[in-house]
Amino acid sequence: MSKIMFVFGTRPEFIKLYPVIMEARSRQHEVVIVNTGQHREMLDNLLAELDVTPDFDLKVMTRQQSLAEILARTVAPLDDVVARVRPDHLFVHGDTSATLSGSLISLYRHVPLSHVEAGLRTYNKHSPFPEEMNRQITGVLADYHFTPTEVTRQNLEREGKDPNRIFVVGNSAIDMLRYTVRPSFRHPVLDELGDRRLILMTVHRRENISELGQMFAAINDIAVRYGDTHKIVYPIHMNPVVRQAADQYLTAPAIEIIEPLGTTDFHNLLSRSHLVMTDSGGIQEEAPSLGKPVLVLRDTTERPEGVAAGTLRLVGTGRDDIVREAVRLLDDPAEYARMAAIQNPYGDGTTAQQIMDVMDKVASDEGKAAAVPAESSLPA
Ligand code: UD1
Ligand code: UDP
């Protein structure tokens with residue numbers, strides 16, 4: 001059995017590493033969990049919800065932290081933890097600052113690195129920022145690339161990664177939906193809807209911060225226009241800059257801003273929503289699997305599978321563009337039905353199992369290699 005370290009620091013990394021952690025535990029691996037603490041409330045709530053207690057918490061979060069600060073506050077403490085624990089293997093997920101820190105330390109401490117959700121690309125280093133470069137750098141450092149789809153596999157191959165180290169395993173977000181979504185789910189948000197349809201929104205991206213005024217103005221326009229028949233619910237990010245802009249622009253009565261939700265609540269509300277408006281990455285994976293049309297409030301997406309499937313529409317961040325696309329969808333039932341056709345480009349919810357199958361094989365091959373003396377050391 002191996003000693004496997006999982007390093008993460010934000011909400012989406014934990015949500016999508018959770019199934020892998022559970023699978024590793026079920027196979028009796030020694031699991032060591034390091035939370036960099038880049039997120040605080042938004043992650044602590046989920047850890048409590050899923051009853052996970054990290055072995056280490058680096059407590060790096062500060063209010064309105066800069067990217068340089070996060071990295072600087074993470075790297076040395078993480079190095080210390082890895083030096084003490086001496087894991088056989090280190091896992092990171094996605095594209096955050098925690099991902100980058102974990103990847104760097106795996107290099108410095110010579111620990112084999114697995115990257116989950118590898119190979120997503122826009123090839124635009126400013127969008128999403130800084131995630132595109134975090135994942136490209138991690139891709140360079142990783143020994144094993146667990147990639148969700150054929151499209152993302154091809155990205156990695158084009159970049160010259162060893163094809164024998166790339167594994168198409170789907171996205172563990174789908175594993176998570178299998179844990180969370182229940183037909184019997186009840187929630188006050190649903191009770192208070194009455195006859196109205198639910199539009200679920202989230203907005204948080206760093207590169208969208210300067211666009212928040214026009215994005216929120218568009219959402220307010222939509223709420224005014226459709227307020228009799230629809231309600232927009234926004235579980236808001238903890239970022240104070242986002243909160244301030246939301247308070248200023250999202251004033252229509254048909255908008256309800258609520259605190260960040262637990263994963264079970266969020267996934268179930270997503271499954272009951274009529275339309276989603278978001279700049280999130282993970283929600284672009286979850287929504288197509290639930291047949292929910294998404295207006296992606298970004299200029300680029302590294303998830304073209306959902307666009308090809310028809311569930312995602314990349315609308316940008318301009319006020320007129322967002323309103324026009326929402327009107328098109330809400331006024332045209334045929335267009336809505338086309339987008340809502342359920343397609344799941346991200347696998348069958350067995351991603352964690354597939355990842356740990358690979359890990360077990362790697363460990364067994366390494367064990368066999370270690371058991372056979374190298375040729376030069378064989379007795380003559
Ligand atoms: C980070 C990730 C982003 C991911 C997002 C998920 C990086 C560079 N960015 O962006 O890829 O999409 O998480 O949500 O890693 N805050 C709190 N409490 C919390 C969390 C955040 O108060 O629990 C506030 C703090 O003031 C913090 C700010 O939000 O400074 C921004 O958090 P940060 O992790 O820097 O950026 P995100 O936008 O969350
Ligand atoms: N999510 C959640 N509670 C919320 C909003 C989102 O649990 O209030 C989940 C969502 O289902 C998805 C993930 O958080 O799995 C997305 O996180 P976020 O949008 O913060 O990050 P990104 O995916 O953009 O990196």
Side-chain angles (χ1 to χ4, degrees), residues 8-19 35-47 49-50 59-71 73-74 92-102 117 120 127-135 137-138 171-177 179-181 187 189 200-209 212 233-244 257-271 273 276-287 289-290 292 294 296-298 301-303 346:
F8 56 82
T10 68
R11 162 167 81 184
E13 295 164 88
F14 172 60
I15 291 173
K16 290 188 268 184
L17 279 177
Y18 174 76
N35 172 12
T36 69
Q38 177 181 332
H39 279 178
R40 195 72 278 162
E41 305 87 335
M42 279 168 51
L43 181 51
D44 289 350
N45 289 347
L46 301 186
L47 290 163
E49 176 188 350
L50 297 169
K59 298 186 165 59
V60 307
M61 197 199 87
T62 57
R63 274 174 71 80
Q64 300 198 29
Q65 56 207 354
S66 70
L67 294 171
E69 256 179 307
I70 305 173
L71 202 64
R73 287 163 58 81
T74 308
V92 292
H93 178 279
D95 51 24
T96 71
S97 294
T99 317
L100 180 61
S101 314
E117 203 176 278
L120 278 65
S127 179
F129 174 83
E131 289 81 5
E132 176 65 15
M133 294 319 290
N134 285 347
R135 60 195 173 211
I137 294 167
T138 300
N171 196 304
S172 54
I174 310 307
D175 301 31
M176 208 47 193
L177 290 173
Y179 282 110
T180 52
V181 176
H187 194 276
V189 163
L200 198 56
M201 69 170 275
T202 77
V203 168
H204 75 82
R205 297 230 80 78
R206 205 171 269 266
E207 74 271 13
N208 278 346
I209 295 289
L212 286 177
V233 176
Y234 179 12
I236 196 167
H237 193 283
M238 296 297 298
N239 189 335
V241 182
V242 175
R243 288 181 171 233
Q244 202 182 359
I257 299 176
I258 58 176
E259 289 304 314
L261 292 166
T263 319
T264 305
D265 286 350
F266 190 82
H267 283 179
N268 280 283
L269 288 184
L270 192 60
S271 79
S273 65
V276 184
M277 295 192 286
T278 189
D279 65 1
S280 163
I283 295 168
Q284 292 178 60
E285 290 147 0
E286 293 160 352
S289 308
L290 297 166
K292 299 301 168 184
V294 182
V296 181
L297 310 180
R298 294 169 54 175
T301 183
E302 59 289 87
R303 283 140 171 122
Y346 292 113

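Atoms within a ligand are numbered from 1 in the order they appear, just like the ligands themselves. All values below come from the heavy atoms of this structure, side chains included, with hydrogens, waters and symmetry mates left out.
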When you look at CZ of Phe129, are more than 12 heavy atoms from neighbouring residues, nucleotides or ligands closer to it than 6.0 Å?
no
Can you list the atoms of ligand 2 that are under 4.0 Å from a heavy atom of Arg205?
24 (O)
Closest protein heavy atom (residue, atom, distance) for atom 18 (N) of ligand 1:
Glu41 OE1, 2.6 Å
Within the 4.0 Å heavy-atom shell around Pro12, which atoms of ligand 1 are there?
6 (C)
Looking only at protein heavy atoms, identify the closest one to atom 16 (C) of ligand 2 and say how far it is in Å.
Ser280 OG, 3.7 Å
Near Pro240, which atoms of ligand 1 are under 4.0 Å from a heavy atom of that residue?
26 (O)
Any atoms of ligand 1 less than 4.0 Å from a non-hydrogen atom of Leu67? List them with their elements.
8 (C)
What atoms in ligand 2 come closer than 4.0 Å to a heavy atom of Thr263?
7 (O)
Ligand 2 atoms nearer than 4.0 angstrom to some heavy atom of His267 are 11 (O), 15 (O)
Show your working on side chain to side chain contact (heavy atoms under 4.5 Å, CB included) between Leu177 and Ser289 and close with a plain yes or no.
CA-CA 9 Å; Leu177 290 173; Ser289 308; 4.0 Å; yes
Honestly, for Asp44 the part within reach of ligand 1 (heavy atoms, under 4.0 Å) is neither
Under 3.5 Å: N/O of Ala98 near N/O of ligand 1
no
Residues that Arg303 engages under side-chain hydrogen bond (donor to acceptor under 3.5 Å, both in side chains), provided they are two or more places apart
Glu117, Glu285
Between Ile15 and the options Leu43, Leu46, Thr180, Leu50, the side-chain contact (heavy atoms from CB on, under 4.5 Å) test singles out Leu46
Is there a polar contact between ligand 2 and Leu261, counting only N or O atoms under 3.5 Å apart?
yes
Who's closest to atom 35 (O) of ligand 1 heavy-atom-wise, of Glu13, Arg206, Gln38?
Arg206
Closer than 4.0 Å to some heavy atom of Pro130 - which atoms of ligand 1 meet that?
8 (C)
For atom 23 (O) of ligand 2, the closest protein heavy atom turns out to be Gly282 N, 2.7 Å
Show the numbers, then the answer: is there a side chain to side chain contact (heavy atoms under 4.5 Å, CB included) between Leu17 and Ser172?
CA-CA 7 Å; Leu17 279 177; Ser172 54; over 6 Å; no
Going by distance only, is there an N or O of Met42 that falls short of 3.5 Å from an N or O of ligand 2?
no
Which of the numbered atoms in ligand 2 are below 4.0 angstrom from a heavy atom of Pro260?
8 (O)
Output the distance between atom CD1 (Ile174) and atom NZ (Lys16), rounded to the nearest 0.5 Å.
9.0 Å
Interatomic spacing from CG in Asn268 to NE2 in His187 - rounded to 0.5 Å
9.5 Å
Do any N/O atoms on Lys16 end up under 3.5 angstrom from N/O atoms on ligand 2?
no
Nearest protein heavy atom to atom 24 (O) of ligand 2, by residue and atom, and its distance?
Gly281 N, 2.7 Å
N/O donor-acceptor pair under 3.5 Å between Tyr234 side chain and Val203 backbone
yes
CG of Leu200 to OG of Ser273: how many Å apart, nearest 0.5 Å?
5.5 Å
min-distance protein heavy atom vs atom 20 (O) of ligand 2 -> Arg11 NH2, 2.9 Å
Min over Met61, Gln65, Arg243 of heavy-atom distance to atom 22 (O) of ligand 1 lands on Met61
Taking distance alone, with no angle check, do Asn134 and ligand 1 share an N/O pair under 3.5 Å?
no
Ligand 1 to Arg63 polar contact by distance, N or O atoms, under 3.5 Å:
no
For Met238, which of Glu259, His39, Arg40 qualifies under side-chain contact (heavy atoms from CB on, under 4.5 Å)?
Glu259
Residues Arg205 and Glu131 bridged, charged N to O under 4.0 Å
yes
Taking all heavy atoms of Gln65 and all of Met61, pick out the closest pair and write down the distance.
OE1-CA, 3.3 Å
Would you kindly specify which portion of Ser280 sits under 4.0 Å from ligand 1, judged on non-hydrogen atoms: side chain, backbone, both or neither?
neither
Given His39, Glu207, Arg11, identify the one with the heavy atom nearest to atom 14 (O) of ligand 1.
His39
Dump the intermediate steps for side chain to side chain contact (heavy atoms under 4.5 Å, CB included) on Glu286 and Met176, then the final yes or no.
CA-CA 9 Å; Glu286 293 160 352; Met176 208 47 193; over 6 Å; no
Contacts of Asp279 that satisfy side-chain hydrogen bond (donor to acceptor under 3.5 Å, both in side chains) - sequence neighbours left out
Asn208
closest protein heavy atom to atom 4 (C) of ligand 1 is His204 CE1, 3.8 Å
On a heavy-atom basis, I'd like to know which of Ile209, Asn239, Thr96, Thr36 is closest to atom 24 (C) of ligand 1.
Asn239
Any atom of ligand 1 sitting under 4.0 Å from a heavy atom of Gly281?
no
Check whether any N or O atom of Thr10, backbone or side chain, sits under 3.5 Å from an N or O atom of ligand 1, and answer yes or no.
no
Considering distance alone, does some N or O of His204 sit under 3.5 Å from an N or O of ligand 2?
yes
Nearest 0.5 Å, what's the OG1-NE2 distance between Thr278 and His204?
6.5 Å
Distance in Å, Met42 CE paired with Thr10 OG1, rounded so as to fall on 0.5 Å steps
7.5 Å
I would like to know whether Phe8 and Asn35 meet side chain to side chain contact (heavy atoms under 4.5 Å, CB included); could you show each step before the answer?
CA-CA 5 Å; Phe8 56 82; Asn35 172 12; 4.2 Å; yes
Identify, by atom number and element, the atoms of ligand 2 in contact range of Pro235, meaning under 4.0 Å from any of its heavy atoms.
8 (O)
Nearest option to atom 8 (C) of ligand 1, as decided by whichever heavy atom of Pro128, Gly37, Ser97 sits closest
Ser97
When distances are taken from atom 9 (C) of ligand 2, the protein heavy atom at minimum range is Ile15 CD1, 3.5 Å
For ligand 2, is there an N or O atom under 3.5 Å from any N or O atom of Glu286?
yes
Which ligand 1 atoms, with their elements, are less than 4.0 angstrom from a heavy-atom of Ile70?
35 (O)
Got a sec: does the CD of Glu49 have more than 12 other heavy atoms crowding it under 6.0 Å?
yes
For atom 26 (O) of ligand 1, what's the nearest protein heavy-atom neighbour? Residue, atom name and distance, please.
Gln64 N, 3.0 Å
Considering only non-hydrogen protein atoms, determine which one is nearest to atom 25 (O) of ligand 2 and report residue, atom name and distance to 0.1 Å.
Pro12 CG, 3.4 Å
Among all protein heavy atoms, pick the one closest to atom 9 (N) of ligand 1 and tell me residue, atom and distance.
Glu131 OE2, 3.4 Å
